[in-house]
K.L.:
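Can you read through this structure? Questions will come right after.
Below, read A as the first sequence line, B as the second, and so on, with proteins coming before strands; counting in each chain starts at 1.
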Amino acid sequence: MGETTVVDDYGRLLRRGVVEIIVEEELIKLLESGRKLRLKQGFDPSRPDIHLGHVVGLRKLRQFQELGHQLILIVGDWTAQIGDPSGESATRPMLSAEAVRANAETYMKQFFKVVDREKTKVVWQSEWFGKFTLADVITLTSKFTVAQMLQRDDFAKRYASGRPIAITEFLYPLLQAYDSVVIEADVEFGGTDQKFNCLVGRELQQMVGQPPQQVFLMPLLVGTDGKQKMSKSLENYIAVDEPPSEMYGKVMSIPDDLMMDYFELLTDVDDDMLTDYRRMISDGSKNPMEIKKRLAREIVAEFHDEKAAVEAEAHFERVVQKRETPEEIAEIAFSFASPTSGPNAKLVVFPFSVGWGPGYLGPGDSISGLPRVISRVDIPGILLAKSLVKSRTEAKRLIAQGAVTIDSRAIHESEEGVHEGSVIKVGKRRFVKIVHAD
RNA sequence: GGCGGGGUGGGUGAGUGGUUAAUACCAGCAGACUGUAAAUCUGCCGCCGAGAGGCUUCGUAGGUUCGAAUCCUACCCCCGCCA
């Protein structure tokens, strides 16, 4: 009965969003002991940006902190130089001390959006690896074998398929394990892909006579593409410091299948509610879109606030669902008094500032006085100037495909007329507004 | 150290002297459709140019040739086998 109650007490902590705990009974004992546990979390200062994939683990850390435990954040200024052994780019430049410090600051600013700063101690790997000698390296490496390293799934796969594995990559798990020894970690957290590294930590700790850390493995969050794990290099990520409407839009763009995972891993919406949602989706009693909107609001509110979430939703409904113009858009200024000598004059093909051309009136423009117009401007040039396209060629392709509109009218030429307040739209989401500089 | 295989556009991967800005697939972008997403259909998918056309690209640097991703030389990198 004792055991069951404990699991009940820690249910949210030990069950929700957790794949595996090694070793669960030991961890429960530790939790019951009342001791303040030392939680380990490392970060790679060459990649200072935190996205929702990382947040899954950070939320779990916070839950532990809420129970009074102590987080030790390790700035991996040494392992960063080895590189994350994902097989991508093997060579990475050594970061200057200055760059590492700057990245650490960037990281922590985002990190503490989720984690409690008061219960976090920050340490740097260089505090111990800075003093490491070759003798230390040999001692450390001699404790493990190549066969052990090849147990790791991604090493094994790469070895089997003939892709390169740098010897330093074997060092990565060893250094990470050594970190656990130095800080005497009680619990290490990671995604399921960290299992091997964390287990090496257990082994090394036991070798030096420490109690082995418990390993807490969480699912890898699937990215916005709905296929691969969220990662920056795959460009399927949602960063924690994205502006509200970007964040909201990206959440809405995830496949429906992913919604419930996101709810479970990234929000505090309780399990009963999630069960209801699952039912409503499967029996079709509620539009999945509505549920996804709730998800998007929850997530935006977590990293910004309620107000931002509401605004982001309004923006989404307006721009994406109703395909209207957003309230705030990029602007480009022309002088209507002297188009060919004002700002952006080089984008003016033919000024002709009297009257207006057919169809160039926007709603509400014609009440008193006529809007001032420029007969022809270089549309690709404008789009390029505002970084709405990558090249003129791309802009022209988009125009040819009818993806570019001026005041809701599709255009088919590169040179078109505009007036004050004209809105040029590219695709669904890219806008620029013509304003006057006079 | 020896022998062999290989480096092609974001990814996988065809292409062994001209018809190749370079097959195909994936990813991406746009249009149609739509309940967000997806699915489906259509188009696009190096850069410059209104266009004709031009320019740059197949690891790097040279060379052969009227003409090279394709041949030659050197170099760099990766993989395998043998030692």
Side-chain angles (χ1 to χ4, degrees), chain A residues 86-92 155 157-167 169 222-238 245-263 277 280-300 309 312-324 346-347 349-350 376-381 383-384 387-405 408-416 424-431:
Chain A
S86 60
E88 312 265 331
S89 53
T91 50
R92 63 169 59 188
F155 285 151
K157 275 187 186 144
R158 277 200 277 161
Y159 187 70
S161 68
R163 278 175 297 141
I165 301 169
I167 290 171
E169 291 186 62
V222 176
T224 52
D225 60 358
K227 288 171 192 146
Q228 292 182 274
K229 73 167 183 178
M230 184 174 284
S231 90
K232 195 168 188 187
S233 52
L234 293 172
E235 299 208 15
N236 62 355
Y237 67 99
I238 304 176
S245 55
E246 280 295 305
M247 189 178 267
Y248 189 98
K250 283 192 181 181
V251 173
M252 290 306 287
S253 79
I254 66 171
D256 288 356
D257 296 345
L258 238 51
M259 271 198 295
M260 297 318 295
D261 285 348
Y262 274 49
F263 263 117
Y277 282 158
M280 288 189 276
I281 292 170
S282 65
D283 69 15
S285 61
K286 191 161 181 128
N287 186 335
M289 178 193 63
E290 296 299 331
I291 298 173
K292 205 188 279 180
K293 279 181 166 178
R294 164 93 195 269
L295 174 66
R297 281 199 307 273
E298 289 284 340
I299 290 176
V300 173
E313 181 159 289
H315 178 270
F316 178 83
E317 287 169 356
R318 179 178 174 139
V319 177
V320 179
Q321 294 191 290
K322 296 186 188 153
R323 300 209 180 180
E324 289 169 3
K346 62 180 186 299
L347 298 175
V349 180
F350 185 64
R376 290 211 308 273
V377 293
D378 176 23
I379 302 296
L383 301 182
L384 197 56
S387 305
L388 265 40
V389 293
K390 285 195 223 88
S391 65
R392 288 187 67 85
T393 305
E394 185 189 2
K396 281 187 286 187
R397 275 199 298 268
L398 289 165
I399 290 170
Q401 296 187 118
V404 179
T405 62
S408 307
R409 201 180 108 263
I411 63 170
H412 298 94
E413 303 293 330
S414 288
E415 296 172 1
E416 285 285 341
I424 305 174
K425 181 181 180 187
V426 183
K428 285 196 192 72
R429 290 188 175 199
R430 290 170 269 177
F431 300 89

K.L.:
Side chain to side chain contact (heavy atoms under 4.5 Å, CB included) with A:Lys428: which residues, sequence neighbours excluded?
P.N.:
A:Arg323
K.L.:
Not counting sequence neighbours, which residues clear ring pair (Phe, Tyr, Trp, His ring centres under 6.0 Å) with A:Phe316? List them please.
P.N.:
A:Tyr248
K.L.:
OP1 or OP2 of B:C47 versus the side-chain N and O atoms of A:Arg397: is any pair under 4.0 Å?
P.N.:
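Affirmative; the distance criterion is met.
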K.L.:
Kindly write out the residues that satisfy salt bridge (Lys or Arg N to Asp or Glu O under 4.0 Å) with A:Arg318, not counting sequence neighbours, or none if the list is empty.
P.N.:
A:Glu327
K.L.:
Between B:C47, B:G35, B:G31, which nucleotide gets closest to the side-chain atoms of A:Ala403?
P.N.:
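Comparing B:C47, B:G35, B:G31 against the side chain of A:Ala403, the answer is B:G31.
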K.L.:
Using the salt bridge (Lys or Arg N to Asp or Glu O under 4.0 Å) criterion, which residues pair with A:Glu246? Sequence neighbours excluded.
P.N.:
none
K.L.:
Would you please name every residue forming a salt bridge (Lys or Arg N to Asp or Glu O under 4.0 Å) with A:Lys425, sequence neighbours left out?
P.N.:
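Counting only residues at least two positions away or on another chain, A:Lys425 forms no salt bridge (Lys or Arg N to Asp or Glu O under 4.0 Å).
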K.L.:
Please name the pair of heavy atoms, one in A:Arg392 and one in A:Asp378, separated by the smallest distance, quoted to 0.1 Å.
P.N.:
NH1-OD2, 2.9 Å
K.L.:
List the atom pairs, donor and acceptor, that lie under 3.5 Å between side-chain atoms in residues 395-404 of chain A and the rest of the protein, sequence neighbours left out.
P.N.:
none

K.L.:
Who pairs with A:Glu413 by side chain to side chain contact (heavy atoms under 4.5 Å, CB included), at least two apart in sequence or on another chain?
P.N.:
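Here the qualifying residues are A:Glu416.
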K.L.:
Polar atom pairs between nucleotides 25-29 of chain B and protein, under 3.5 Å, N or O only, would you list them?
P.N.:
residue	atom	partner	partner atom	Å
B:C29	O3'	A:Arg430	NH2	3.4

K.L.:
Considering only heavy atoms, which members of residues 245-253 of chain A lie under 4.0 Å from some atom of RNA chain B?
P.N.:
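Hits under 4.0 Å, by residue number: A:Met252, A:Ser253.
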